[in-house]
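Okay, so here's the structure we're looking at.
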Amino acid sequence: MAGAGVPATASGAEGGPTAAAASGPGHEQPLGIAMEGFPSPFPVRFLRLVIEGETANMAYVDLAPRGKPSGRTVLLLHGENSDGGACEPTVRACAAAGRRVVVPDRIASGGPRNRP
């Protein structure tokens, strides 16, 4: 999960991407094919899936409760053109309230880490 979704592309005076935007804002090194190095406020795990004969790795966060556990789990699902990073404030609030929080990045929905 990263920020509020895929990093925006900067535009130069001619309307094309600037040199700084070529590797993405805030990235000093190129990202790996599985988006290694994409910033995430929480540890990211991957679940290998086979969908219509294609293998894909679905990124997700499974965050343990902070403080006294309530015994409850919250599943947060992000919108179409974002990733689980859009849920960061809610993830933090739920975990602080003692809830386990699970946030999958939907396959091919705009989330940066969910690539086949």
Side-chain angles (χ1 to χ4, degrees):
M1 299 178 25
V6 177
T9 302
S11 295
E14 312 305 318
T18 64
S23 65
H27 300 289
E28 294 179 14
Q29 299 293 322
L31 300 175
I33 194 164
M35 298 303 288
E36 301 92 346
F38 195 86
S40 176
F42 309 109
V44 177
R45 299 177 183 179
F46 292 89
L47 176 64
R48 183 158 294 220
L49 302 168
V50 177
I51 303 170
E52 296 181 7
E54 298 285 329
T55 301
N57 293 314
M58 183 181 75
Y60 69 97
V61 167
D62 186 349
L63 192 63
R66 307 289 190 229
K68 183 180 177 189
S70 69
R72 296 181 182 242
T73 299
V74 175
L75 174 65
L76 297 172
L77 303 174
H78 62 80
E80 184 62 33
N81 290 317
S82 66
D83 66 359
C87 301
E88 181 181 352
T90 305
V91 170
R92 291 190 186 283
C94 290
R99 290 168 175 81
R100 173 185 174 202
V101 185
V102 178
V103 188
D105 276 348
R106 293 175 37 212
I107 299 290
S109 65
R113 292 181 299 271
N114 292 322
R115 303 293 182 246

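All figures in this text were calculated on a predicted structure; none of them were measured in a lab. For reference, positions follow the sequence shown, starting with 1. Side chains are part of it too, since the values below use all heavy atoms of this structure and drop only hydrogens, waters and symmetry mates.
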hydrophobic_cluster_shared for [Y] and [X], side chain cutoff 4.5 Å:
| X | Y | answer |
| --- | --- | --- |
| Val61 | Val102 | no |
| Val74 | Leu77 | no |
| Ile51 | Leu47 | yes |

Taking every non-hydrogen atom, the tightest pair across [X] and [Y]:
| X | Y | answer |
| --- | --- | --- |
| Asp105 | His78 | CA-NE2, 3.5 Å |
| Ala95 | Ala64 | CB-O, 4.1 Å |
| Pro104 | Leu76 | CD-O, 3.5 Å |
| Ser70 | Ala97 | CB-O, 4.2 Å |

Revision key, fill the gap. Residues passing the salt bridge (charged side-chain N to carboxylate O under 4.0 Å, His left out) test with Arg99, sequence neighbours excluded, are none
Check your understanding: Could you state the interatomic distance from CG (Asn57) to CZ (Arg45), rounded to the nearest 0.5 Å?
Key -> 15.0 Å
